[in-house]
Amino acid sequence: MSRKKRYIKGKVYITNDKVLVGGKGKKRRVVSMGNDKDNMAVKRILSLYDKNGNKKERLIPIEKYPDIPKESGVEDKTFRKTTSGKPIQERYLGKTNTRLNKWDMEKVRRGKNKPKK
């Protein structure tokens with residue numbers, strides 16, 4: 001019996017915002033959307049509430065995980081390149097022991113505006 005191949009789709013990594021959108025460089029968790037380690041597509045995981053306590057409309061809510069401390073949601077936008085135009089590679093991201101479960105991944109994959117089938 002062979003061992004199941006471990007894919008990186010759904011794994012949570014840590015990077016800084018400077019790589020994805022520019023700015024100050026705050027540490028941010030991202031979730032991998034594909035299985036290519038050298039040309040990754042990632043989505044940012046953000047807090048579900050803004051600084052005034054209002055729920056953000058554009059996020060897809062996910063369950064609580066050990067490496068994600070607050071109530072969080074995944075952004076609809078997918079990042080495929082860094083701000084300098086290079087592809088995102090797994091070796092430059094910090095690893096965590098967390099993987100989104102299949103229900104959360106299905107919600108994220110489907111997106112915010114698309115209804116359930």
Side-chain angles (χ1 to χ4, degrees):
M1 191 165 186
S2 62
R3 209 170 130 233
K4 182 182 177 203
K5 185 168 180 174
R6 294 302 267 166
Y7 293 109
I8 63 169
K9 184 176 183 178
K11 279 193 75 138
V12 176
Y13 295 94
I14 295 178
T15 185
N16 59 4
D17 263 355
K18 202 185 295 187
V19 174
L20 299 176
V21 292
K24 231 170 36 175
K26 183 177 180 185
K27 287 223 178 207
R28 183 81 64 199
R29 284 161 182 78
V30 293
V31 60
S32 171
M33 296 306 294
N35 287 316
D36 188 1
K37 291 182 179 184
D38 294 326
N39 197 1
M40 289 178 72
V42 297
K43 291 188 179 194
R44 292 192 300 171
I45 298 174
L46 305 170
S47 174
L48 203 53
Y49 300 98
D50 63 8
K51 61 185 173 188
N52 299 327
N54 301 326
K55 192 171 183 181
K56 293 180 184 172
E57 295 294 319
R58 303 283 304 158
L59 296 181
I60 303 159
I62 58 172
E63 292 178 20
K64 282 199 163 188
Y65 294 92
D67 285 336
I68 305 172
K70 297 191 221 171
E71 283 191 51
S72 303
V74 178
E75 207 175 30
D76 224 9
K77 183 176 186 225
T78 305
F79 295 94
R80 298 185 195 292
K81 289 189 170 23
T82 61
T83 49
S84 59
K86 295 186 172 123
I88 300 168
Q89 296 181 333
E90 186 193 36
R91 63 179 168 222
Y92 299 124
L93 303 176
K95 292 188 175 164
T96 65
N97 293 325
T98 304
R99 175 186 294 274
L100 263 57
N101 62 30
K102 62 183 176 184
W103 298 282
D104 280 343
M105 274 309 289
E106 184 58 30
K107 280 196 290 188
V108 170
R109 189 195 62 76
R110 202 177 309 116
K112 181 73 179 163
N113 304 344
K114 295 165 191 95
K116 287 184 180 178
K117 287 187 178 178

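Residues Val30 and Met40 have side chains not in contact (no heavy-atom distance under 4.5 Å, counting atoms from C-beta outward). The closest side-chain heavy-atom distance from Ile68 to Thr96 is not below 4.5 Å. Taking 4.5 Å as the limit, some side-chain heavy atom of Leu100 sits within range of a side-chain heavy atom of Tyr65. Looking only at side-chain heavy atoms (C-beta outward), Leu93 and Val19 stay at 4.5 Å or farther from each other. Taking 4.5 Å as the limit, every side-chain heavy atom of Lys9 sits out of range of all side-chain heavy atoms of Arg99. Annotation: side chain of Val42 is not in contact with side chain of Thr15 (no heavy-atom distance under 4.5 Å). The shortest distance between side-chain heavy atoms of Ile8 and Tyr13 falls below 4.5 Å. Considering only heavy atoms from C-beta on, Met105 comes within 4.5 Å of Val31 through its side chain.
Sorted by first then second residue, the side-chain hydrogen bond (donor to acceptor under 3.5 Å, both in side chains) pairs that include residues 18-42, not counting sequence neighbours, are Asp17-Arg28.
Contact detail for Pro69 and Lys64: the closest heavy-atom pair is O-NZ, 4.3 Å. Residues Lys43 and Glu75 come closest through the heavy atom pair CD-O, 3.4 Å.
Looking at Arg110 and Glu106, a side-chain N of the basic residue comes within less than 4.0 Å of a carboxylate O on the acidic one, giving a salt bridge.
Other cluster members for Leu48: Leu46, Tyr49, Leu59, joined by side-chain heavy-atom distances under 4.5 Å among Ile, Leu, Val, Met, Phe, Trp and Tyr.
A donor-acceptor pair is defined here as one N or O able to donate and one able to accept, closer than 3.5 Å; such a pair exists between the side chain of Asp104 and the backbone of Glu63. Remark: side-chain polar atoms of Thr98 are not paired, donor with acceptor, to backbone N or O of Val12 under 3.5 angstrom. Remark: the backbone N or O of Asn52 is paired with a side-chain donor or acceptor of Asp50 at under 3.5 angstrom.
Under a cut-off of 6.0 angstrom, the local environment of NZ in Lys86 is sparse, with at most 12 non-hydrogen atoms contributed by other residues, nucleotides or ligands. Around CG of Asn97, the count of heavy atoms belonging to other residues, nucleotides or ligands within 6.0 Å does not exceed 12.
Going from atom CZ of Arg109 over to atom NZ of Lys102 covers 14.0 Å, rounded to the nearest 0.5 Å. Note that the CD1 atom of Ile45 and the CD1 atom of Ile14 stand 9.5 Å from one another [nearest 0.5 Å].
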Review point. Please walk me through it: do Arg44 and Lys77 pass side chain to side chain contact (heavy atoms under 4.5 Å, CB included)?
Key: CA-CA 8 Å; Arg44 292 192 300 171; Lys77 183 176 186 225; over 6 Å; no

